[in-house]
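Some notes on the structure that comes next.
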Amino acid sequence: MLVIQNAEVFSPAPLGRLDILVGGAKILAMEPHIDPAVLPGETEVLDARGMLLVPGFIDGHQHFTGGGGEGGFQTRVPELTISMNFSNGVTTAVGLLGTDSLTRSIENLYAKTQAFNAEGMTAFMLTGAYWHPSPTLTGSVARDMVFLQPVIGVKLALADSRGPHVDAKDLAALASDVQVAALVANKPGIITVHTGIRTQGLDLIFEIVEQFEIRASIFVPTHINRKGGKLTSQALALAEKGCVVDATCSQAPLEPDSPRLTAADFACMARDNGLLGQVSFSSDAGGSMPIWNQDRSRIIGMGVGMPSSLLFELDLLVNKKGVPLEQALMPLTTTPARIYGLENSKGALRVGMDADVLTIDPASFEIRDVVALGSVAVRNKIVEKKGYFEHGSDTSIHA
């Protein structure tokens, strides 16, 4: 068993100073004081005095097997490692494919998802990619959802010149397949929508919600934190209809002329409209971030998404925007837990929940310790729970 002592606990609601007893991957007790000496068997103690204790981050948009390839084979981003996630506070993640479903495959993504689960992280995946009909493992999106345990939905691109050109009937049929499969398999059943920069934005989602009476909450539009009136207005309007809209996190401050908003800025905008609970944050970790020439005909550089962007945006939201920590944690904890069907196990700290816990230094706002499914994965900024082939690598939290 493990006792975490003397922390200021945010569940994400502020609970004050508590000790937490962990056993069998679950939170067993949360009390003002728990004495390890009276507990049966061996008990490890993690002293979190002076630390903030928060739920592990849930990242709903990661390219587990790497993304990219848009600038040639040499630009294919390598696979993520479990240390990249643990060192940045991610204890649960959802993997997906991106532009490249030619040299990447659903089979490869499934294997990597299961590898992460075997290594001690909680991992799910989406079938599909940019395209329609969606690439699948079993032959259909619905069968993937029903018969593949980690598959909780599908990925699709809209309003992107690289993506499919679907009409309302195509999208409505896909949504219906997902809804039926979700009922059969008792899964959340979501369609994560990569939102491109074309002028139609999210028009197609509004069309099928109104014309076919598809419930809006099945969609999770992502990459919606961009400057400009239409997409922002559409994202907030869909949030009012029940969608959770997903903001892609930045790794560093944005230039004034950037077309993007920080996830923190978008969250503040949603909060001003009473919609903060309908916003999630994700990192796009492992995804390529191409730098285009002026007419977007040629890639002239390539960046890569990293899980560290989640903590950067949380820090920005709390320490620069002045949002209380209990509210700022929602896009990384309770909100993604809700849309991924994990409300009873993830995203909050209470008895019976999975023991996914982070300690954060309030002075530096750095992650010091990470507990994933009851096991210490990071201790004093050093990764202790590594991937199968990582044991010879330097996996300090700053690597």
Is it possible for you to say whether Phe219 and Leu275 belong to one hydrophobic cluster, with membership spreading through side-chain heavy-atom contacts below 4.5 Å?
yes

For the residue pair Leu126 and Val154, establish whether any side-chain heavy-atom pair is separated by less than 4.5 Å.
no

Identify the heavy atoms of Pro256 and Lys227 that sit nearest to each other, and give their distance.
O-NZ, 2.9 Å

Take Ile82 and Tyr388 through the side chain to side chain contact (heavy atoms under 4.5 Å, CB included) test and state the conclusion after the steps.
CA-CA 9 Å; Ile82 203 164; Tyr388 190 85; over 6 Å; no

All heavy atoms of Gly163 vs all of Tyr130, minimum pair found to be CA-CD2, 3.9 Å

Examine distances only and state if a side-chain atom of Asn117 and a backbone atom of Ala123 form a donor-acceptor pair shorter than 3.5 Å.
yes

Are Arg215 and Ser217 close enough that a side-chain donor and a side-chain acceptor fall under 3.5 Å?
yes

Less than 3.5 Å apart, any donor N or O on the side chain of Arg260 or Ser250 sitting next to an acceptor on the other?
yes

Looking only at side-chain N and O atoms, does Asn108 offer a donor or acceptor that is under 3.5 Å from a partner on Ser105?
no

Check for me, please, whether Val370 and Val376 land in the same ILVMFWY cluster - side-chain distances under 4.5 Å, paths through other members count.
no

Tell me whether Val178 is reachable from Leu183 by hopping between hydrophobic residues (I, L, V, M, F, W, Y) whose side-chain heavy atoms are closer than 4.5 Å.
no

List the atom of Gly189, the atom of Ala182, and the distance in Å for their closest heavy-atom pair.
CA-CB, 3.7 Å

Using a 6.0 Å cut-off, check whether atom CG of Asp272 has over 12 heavy atoms from anything other than its own residue.
yes

Between the main-chain N or O of Ala168 and the side-chain N or O of Glu207, is there a donor-acceptor pair closer than 3.5 Å?
no

Give, for atom CG of Asp144 and atom OG of Ser134, the distance between the pair rounded to the nearest 0.5 Å.
9.0 Å

Check: Thr248/His223 side-chain N/O donor and acceptor closer than 3.5 Å
yes

Are side-chain heavy atoms of Leu238 and Phe206 found at a separation under 4.5 Å?
yes

Shortest non-hydrogen contact from His165 toward Ser161:
NE2-O, 4.4 Å

Is the side chain of Thr232 donor-acceptor paired with the backbone N or O of Arg226 at a distance under 3.5 Å, no angle test?
yes

For Ser282, does its backbone N or O pair with a side-chain atom of Asp59 as donor and acceptor, under 3.5 Å?
no

Taking it one step at a time, do Asp356 and Leu373 satisfy side chain to side chain contact (heavy atoms under 4.5 Å, CB included)?
CA-CA 5 Å; Asp356 293 340; Leu373 294 173; 4.0 Å; yes

Atom CD of Glu107 and atom OG1 of Thr65: how far apart are they, to the nearest 0.5 Å?
11.5 Å

Using modelled atom types and a 3.5 Å cut-off, is there a donor and acceptor pairing between side-chain atoms of Asn85 and backbone atoms of Val90?
no

pair Pro36-Gln5: side-chain heavy atoms closer than 4.5 Å
yes

Apply the side chain to side chain contact (heavy atoms under 4.5 Å, CB included) test between Met1 and each candidate in Leu28, Val22, Val45; give the one that qualifies.
Leu28

CG of Leu310 to CD1 of Ile58: how many Å apart, nearest 0.5 Å?
11.0 Å

Between NZ on residue Lys26 and OG on residue Ser345, distance to nearest 0.5 Å
6.0 Å

Among Asp160, Thr222, Asp284, Thr99, exactly one meets side chain to side chain donor-acceptor pair (under 3.5 Å) together with His194. Which residue is that?
Asp160

Between Glu119 and Gly387, which heavy-atom pair has the shortest distance, and what is it?
OE2-CA, 3.4 Å

Are Val318 and Val54 linked, directly or through intermediate hydrophobic residues, by side-chain heavy-atom contacts shorter than 4.5 Å (ILVMFWY only)?
yes

Scan Leu109, Leu96, Leu97 and name whichever one has a side chain to side chain contact (heavy atoms under 4.5 Å, CB included) with Phe64.
Leu109

Is Asp203 paired with Lys230 through a side-chain N to carboxylate O contact shorter than 4.0 Å?
yes

Could you tell me whether the side chain of Glu313 reaches within less than 4.5 Å of the side chain of Thr262, counting heavy atoms only?
yes

For the side chain of Asp369 and the backbone of Thr359, is there at least one donor-acceptor N/O pair under 3.5 Å apart?
no

If we ignore hydrogens and angles and just use 3.5 Å, is the side chain of Asp47 paired with the main-chain N or O of Arg49 as donor and acceptor?
yes

Report yes if some heavy atom in the side chain of Leu311 is under 4.5 Å from a heavy atom in the side chain of Asn88; otherwise report no.
no

Using 0.5 Å steps for rounding, measure from the OG1 atom of Thr335 to the CD atom of Glu343.
10.5 Å

Check whether any side-chain heavy atom of Arg338 sits under 4.5 Å from a side-chain heavy atom of Gln278, and report yes or no.
yes

Derivation and outcome, side chain to side chain contact (heavy atoms under 4.5 Å, CB included), residues Ile367 and Phe57
CA-CA 11 Å; Ile367 294 169; Phe57 297 157; 4.3 Å; yes

Donor-acceptor contact below 3.5 Å, side chain Ser258 vs main chain Glu255:
no

Heavy atoms, side chains only, cut-off 4.5 Å: are Leu21 and Leu39 in contact?
yes

Do Ile106 and Trp131 belong together in a cluster built from hydrophobic side chains that touch within less than 4.5 Å?
no

Answer yes or no: is there a donor N or O on one side and an acceptor on the other, between the side chain of Asn225 and the main chain of Leu261, under 3.5 Å?
yes

Taken to the nearest 0.5 Å, the spacing of Leu349 CG from Ile27 CD1 works out to 5.0 Å

Ring-ring centroid check Tyr340 Phe124, cutoff 6.0 Å
no

Measure across Cys268 and Leu317 and return the closest heavy-atom pair with its distance rounded to 0.1 Å.
SG-CD1, 3.8 Å

Side-chain contact, heavy-atom cut-off 4.5 Å: Ser176 with Ile214?
yes

In sequence, state the C-alpha distance, the side-chain angles, and the governing distance for Gln251 and Phe312, and then conclude on side chain to side chain contact (heavy atoms under 4.5 Å, CB included).
CA-CA 6 Å; Gln251 300 175 50; Phe312 173 82; 6.0 Å; no

Between the main-chain N or O of Glu79 and the side-chain N or O of Lys112, is there a donor-acceptor pair closer than 3.5 Å?
no

Please check if the number of heavy atoms outside Lys169 that lie under 6.0 Å from its NZ is greater than 12.
no

May I ask you to check whether Asp246 and Ser280 show a side-chain donor-acceptor distance below 3.5 Å?
yes

